[in-house]
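Input: a single structure, listed below in structure tokens.
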Amino acid sequence: MTVADEEPALLGLAPVAPDRTVAYGPHPDQLVDLYVPRADGAPTAARGPLVVLLHGGFWRAAYDRRHLSPLAAELAGRGLPVALAEYRRVGAGGGAPQTFEDVTAGIEVACAALAGAPADPSPVLVGHSAGGHLALLAAARPDTPVTRVLAVSPVADLARAHALGLSDGAVGELLGAGPGFPERLAAADPARHPPAGIPVTILHGTDDPDVPLDLSRRYAARSPATTVLRELPGVGHYAPVTPGSPSCDALVGLVCRPSST
């Protein structure tokens, strides 16, 4: 698969319906889809940690969680309980601080809804692209229940992303223009707030045309004690979250590993 083929390969997959959906607020995007552990297509006891998935799309309402539902189903098929969280996004009631508040609430609801299900009680937070930014930021909260983060092609350095004008100024849309922007940018930048004592693994393709690998390298350089950066040669932005691709197999292997390793 070429880098140019990656986006249509992911978006061409049929969405997979969850086993159930729970709401954590009145807005139609304040939802978490739950996928129960399965073996050979049938529900089974969990064989690993609870996985909370956060999708990307540069925080915009045009992109929702459905494109990560095949990955959620893939992980559930490996015996993992999975929560695919939606959140308010720019253009539909989101942006700072609503988007950040929703992610925190969604994680809490996911943990409560699947309490007792995981064989490993340590929740793993997995985020792709802008969802990787949200995962890193959520893990830095002092009261976070997350014990491990896997950020995939993340917008890990928000200041650099803004300076580059990624996706036609998506960072500015997220944070809003006007007085106080530098302070909002600093507060929302994962590179300025690495999680304390929580291990972070970053998967990032060397040929990513949407979120440059340099952002992940900059993040890893700021927190070398807790961050492992795994560069995927020749890989673009979407293959790591597309079931069936070698880079997605690498993601699944990292998620399924015991939290103590």
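Atoms considered below: every heavy atom in the structure, side chains included; atoms not considered: hydrogens, waters and symmetry mates. Treat the numbers as computed from the prediction; the structure is a model and nothing was measured.
Linking Ile, Leu, Val, Met, Phe, Trp and Tyr whenever their side-chain heavy atoms come within less than 4.5 Å puts F100 and V32 in one cluster. Under the 4.5 Å side-chain contact rule for hydrophobic residues, V252 and L80 share a cluster. Both L136 and L164 belong to a common hydrophobic cluster when Ile, Leu, Val, Met, Phe, Trp and Tyr are linked at side-chain heavy-atom distances under 4.5 angstrom. Linking Ile, Leu, Val, Met, Phe, Trp and Tyr whenever their side-chain heavy atoms come within less than 4.5 Å puts I198 and L229 in one cluster. No continuous path of ILVMFWY side-chain contacts below 4.5 Å connects L166 to V3, so the two sit in separate hydrophobic clusters.
The 12-atom threshold is exceeded at CG of D143, counting heavy atoms of other residues, nucleotides or ligands nearer than 6.0 Å. For CZ of R38, the number of neighbouring non-hydrogen atoms (other residues, nucleotides, ligands) closer than 6.0 Å is greater than 12. Around the CZ atom of R184, the shell of radius 6.0 Å holds more than 12 heavy atoms that belong to other residues, nucleotides or ligands. The local environment of CZ in R192 is sparse, with at most 12 non-hydrogen atoms from other residues, nucleotides or ligands closer than 6.0 Å.
With hydrogens and angles disregarded, a donor-acceptor distance shorter than 3.5 Å links the side chain of R89 to the backbone of A61. In terms of modelled atom types and a separation under 3.5 Å, the side chain of E86 and the main chain of L31 share no donor-acceptor contact. Remark: the backbone N or O of A191 is not paired with any side-chain donor or acceptor of D157 at under 3.5 angstrom. Checked by atom type and distance alone, the side chain of D33 never pairs as donor or acceptor with a backbone atom of L84 at under 3.5 Å.
In this structure, the separation between CZ on R66 and CG on L11 is 11.0 Å, given to the nearest 0.5 Å. Expressed to the nearest 0.5 Å, how far CG of L68 lies from OG of S129 amounts to 10.0 Å. To the nearest 0.5 angstrom, L50 atom CG is 9.5 Å from L125 atom CG.
At least one side-chain heavy atom of L158 sits under 4.5 Å from a side-chain heavy atom of L175. In this structure the side chain of E101 never reaches within 4.5 angstrom of the side chain of T104, judged on heavy atoms. Counting heavy atoms from C-beta on, the side chains of L53 and V241 never come closer than 4.5 Å. Using a 4.5 Å heavy-atom cutoff, the side chains of V36 and R20 are not in contact. Annotation: side chain of Y35 is not in contact with side chain of L75 (no heavy-atom distance under 4.5 Å). At a threshold of 4.5 Å between non-hydrogen side-chain atoms, the residues E74 and V16 do not count as touching. Inter-residue side-chain proximity for P195 and T226 is flagged as unmet; no heavy-atom pair is nearer than 4.5 Å. Between F58 and V211 there is a side-chain heavy-atom pair separated by less than 4.5 Å.
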The test is side-chain contact (heavy atoms from CB on, under 4.5 Å); show your working for R78 and V255 and say whether it passes.
CA-CA 10 Å; R78 305 295 183 101; V255 174; over 6 Å; no
Step-by-step side-chain contact (heavy atoms from CB on, under 4.5 Å) determination, R230 to T201:
CA-CA 7 Å; R230 295 178 180 243; T201 300; 4.1 Å; yes
Audit row: D19, L34, side-chain contact (heavy atoms from CB on, under 4.5 Å) steps and yes/no
CA-CA 6 Å; D19 293 286; L34 305 176; 5.7 Å; no
Let me see the working for S167 and R60 under side-chain contact (heavy atoms from CB on, under 4.5 Å), right down to the final yes or no.
CA-CA 10 Å; S167 192; R60 292 182 176 124; 2.6 Å; yes
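Classification of the H128-H67 ring pair by plane angle, with boundaries at 30° and 60°, yields perpendicular. Ring geometry for Y87 against H55 counts as parallel: the plane angle stays under 30°, on a 0 to 90° scale with 60° as the upper cut.
Taking every heavy atom of both residues into account, A110 and A83 meet most closely at CB-CB, 3.4 Å. Between P145 and P123, the shortest heavy-atom contact is O-CG, 3.2 Å. A pairwise comparison of heavy atoms in S245 and A239 identifies OG-O, 2.6 Å as the closest pair.
For the side chain to side chain donor-acceptor pair (under 3.5 Å) criterion with H237, the lone passing option out of D210, D207, D208 is D208.
Aromatic ring centroids of Y219 and H204 lie 6.0 Å or more apart.
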